Number of protein chains: 2
Amino acid sequence: MLGRPRKFDENGAREVAMQLFWAKGYEATSLSNLLAAMGISKSSFYQTFESKHTLFEQCLNQYRDILVSTMSEGLANAPTPMMFIKHALVDVANDTNDPLGRRGCLMMNTASEFSQRDSNIARCVEAGIQATKDIFLQAVKAAQADGDISSNTRADILADYLVTVVSGLKSQVKAGASRKQIINTAEFSVRTLQEMA
Amino acid sequence: MLGRPRKFDENGAREVAMQLFWAKGYEATSLSNLLAAMGISKSSFYQTFESKHTLFEQCLNQYRDILVSTMSEGLANAPTPMMFIKHALVDVANDTNDPLGRRGCLMMNTASEFSQRDSNIARCVEAGIQATKDIFLQAVKAAQADGDISSNTRADILADYLVTVVSGLKSQVKAGASRKQIINTAEFSVRTLQEMA
DNA sequence: GTAATATAGGACCAATTAGTCCAATTTACA
DNA sequence: TGTAAATTGGACTAATTGGTCCTATATTAC
């Protein structure tokens with residue numbers, strides 16, 4: 001290996017950037033914001049990350065990877081698949097207390113901000129959503145096998161339903177809903193799965 | 001009345017601006033975009049609407065008023081309250097074919113874009129959501145009286161649930177979901193209301 | 001020591017932004 | 001005809017944007 005080694009942690013800096021994009025959105029996060037938060041100079045930034053847009057795509061992928069692995073572990077470690085599903089919904093209520101603000105979900109925020117004008121980003125968002133849907137699908141099938149959810153409705157429809165409800169809950173958090181509201185709605189949604197014929 | 005009368009239609013121009021803000025968001029809609037779409041000069045713009053931000057607040061209020069009155073009429077004219085609820089959900093599927101793009105809901109888009117950094121806007125969004133929730137609440141109570149929805153769950157929780165599901169469906173549309181997916185999810189959500197114990 | 005690379009910092013750039021101001025013109029009413 | 005108001009269009013600002021380039025310095029391996 002030749003030359004002076006990189007002093008800052010590239011992954012750490014990307015993580016910081018991701019948090020910023022998550023909290024403020026792409027356009028509202030200026031280069032100055034990024035440099036200040038990442039603690040590096042403009043020179044290092046462009047040498048390492050090529051452009052703001054490239055960095056954002058990396059952040060989006062990183063967010064998706066973390067989300068997917070967190071959910072997968074959650075499902076694997078949950079007492080039952082049904083408990084995983086319940087936790088996934090009810091846990092959104094904690095977002096109302098997030099000290100970093102009501103940030104929602106980076107993928108859904110991105111879909112809202114500019115998946116309409118950047119097909120690259122749009123594909124990335126769709127892939128991310130599909131990945132989370134697949135985990136829910138796995139959980140639903142297992143819960144149906146356990147008898148916790150009726151098998152009268154196709155598992156893929158229930159997985160779509162779960163993704164939709166989580167999206168909706170996250171949206172409501174951003175729109176100012178109270179913790180109690182989110183809990184009530186989440187718990188009711190869980191009941192709908194349990195009590196459907 | 002003194003002086004030269006206004007040549008362009010103020011409400012019409014505001015409507016055009018609303019459509020732009022709805023499709024592109026606040027920041028992504030530049031003044032040039034607005035002037036071109038509204039068909040007026042910069043001078044007329046500032047004389048009539050004070051600022052981009054002021055105009056946006058007016059558009060948000062107008063959107064809310066139209067949404068509320070559309071929903072109210074929909075409920076009043078529906079064969080049954082339950083049919084109104086079903087239509088409100090399933091109709092979101094048509095957003096996938098909107099020639100103006102997958103715009104979502106201006107209020108939710110706004111919540112996502114910057115209700116975190118503008119308390120004025122945040123209050124406006126919350127009021128708008130509350131207004132739609134109230135209409136759903138009315139519909140739910142009526143449907144419970146009709147026996148179309150069980151009275152075992154509090155009507156206000158069901159109203160929150162409906163707002164959440166609609167938000168989620170609109171989010172999914174923006175994120176690229178297919179028409180069929182939206183219909184399936186919407187119809188399943190309706191069934192959850194009908195078949196809950 | 002030298003080559004190779006990373007660093008910080010600043011000059012610079014072209015474009016865009018929202019917004020102000022002014023001058024010239026048009027349209028109404030009294 | 002005169003006054004009040006709306007019109008357009010362009011000049012102009014101050015700020016910000018993402019991005020490039022250059023210089024000087026620091027740090028490593030060979």
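The chains referred to below are lettered A, B, ... by the order of the sequence lines, with proteins before strands, and numbering in each begins at 1. All values below come from the heavy atoms of this structure, side chains included, with hydrogens, waters and symmetry mates left out. Small disclaimer: the values here were computed from a predicted structure and weren't measured.
- Rounding to whole angstrom units, CG of residue L35(A) and C1' of dG9(C) are separated by 12 Å.
- Candidate nucleotides dT8(D), dG19(D), dT17(D) were compared by shortest atom distance to the side chain of S51(A), and dG19(D) ranks first.
- Nearest to the side chain of R6(B), among dA6(D), dG19(C), dT27(D), sits dA6(D).
- Nucleic acid contact for S30(B): sugar-phosphate only, since backbone atoms but no base atoms lie under 4.0 Å from a heavy atom of the residue.
- In this entry the distance linking CZ of F56(B) with P of dT17(C) reads 17 Å, nearest Å.
- Using a 4.0 Å cut-off between charged side-chain N and carboxylate O, R191(B) and E187(B) make no salt bridge.
- Nearest-nucleotide assignment on DNA chain C puts the 5′-proximal partner with S32(B), out of S32(B) and K7(B).
- When rounded to the nearest whole Å, the span between CZ of F8(B) and P of dT27(C) equals 16 Å.
- Annotation: M196(A), atom CE; neighbour count of heavy atoms from other residues, nucleotides and ligands within 6.0 Å is above 12.
- In summary, D95(B) and R102(B) do not engage in a salt bridge, as defined by a charged side-chain N under 4.0 Å from a carboxylate O.
- Mapped onto DNA chain C by nearest heavy atom, S41(A) and E27(B) fall at different nucleotides, with S41(A) at the one closer to the 5' end.
- Seen from the ring of Y26(A), K52(A) counts as a face-on cation partner, given the 6.0 Å and 45° thresholds.
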Decide side chain to side chain donor-acceptor pair (under 3.5 Å) for T110(B) and Y63(B); before the verdict, give the C-alpha distance in whole Å, the side-chain angles of both, and the deciding distance to 0.1 Å.
CA-CA 12 Å; T110(B) 301; Y63(B) 181 89; over 6 Å; no
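- In this structure, L34(B) places its CG atom 12 Å from C1' of dT17(C), rounding to the nearest Å.
- Nearest nucleotide to the side chain of K52(A), out of dT8(D), dA18(C), dG19(D): dG19(D).
- If you check dT25(D), dT7(D), dA8(C) against the side chain of Q47(B), the one that comes closest is dT7(D).
- Of all nucleotides listed (dT7(C), dA18(C), dT7(D)), dT7(D) comes nearest to the side chain of S44(B).
- In this structure, Y46(A) atom OH and dT7(C) atom P are separated by 16 Å, rounded to whole Å.
- Here the P atom of nucleotide dC12(C) and the CG atom of L31(A) are 20 Å apart, to the nearest Å.
- Judged by distance alone with a 3.5 Å cut-off, no donor-acceptor contact links the side chain of K42(A) to the base of dG9(C).
- One can find a donor-acceptor pair under 3.5 Å joining the base of dA6(C) and the side-chain atoms of R4(A).
- Distance F45(A) CZ to dT20(D) C1': 14 Å, rounded to the nearest Å.
- Comparing atom distances between the P5(B) side chain and each of dT7(C), dA28(C), dT7(D) picks out dA28(C) as nearest.
- Between the CD atom of E10(B) and the P atom of dT7(D) there is a distance of 10 Å, given to the nearest Å.
- Closest to the S43(B) side chain, of the nucleotides dG19(C), dC22(C), dC22(D), is dC22(C).
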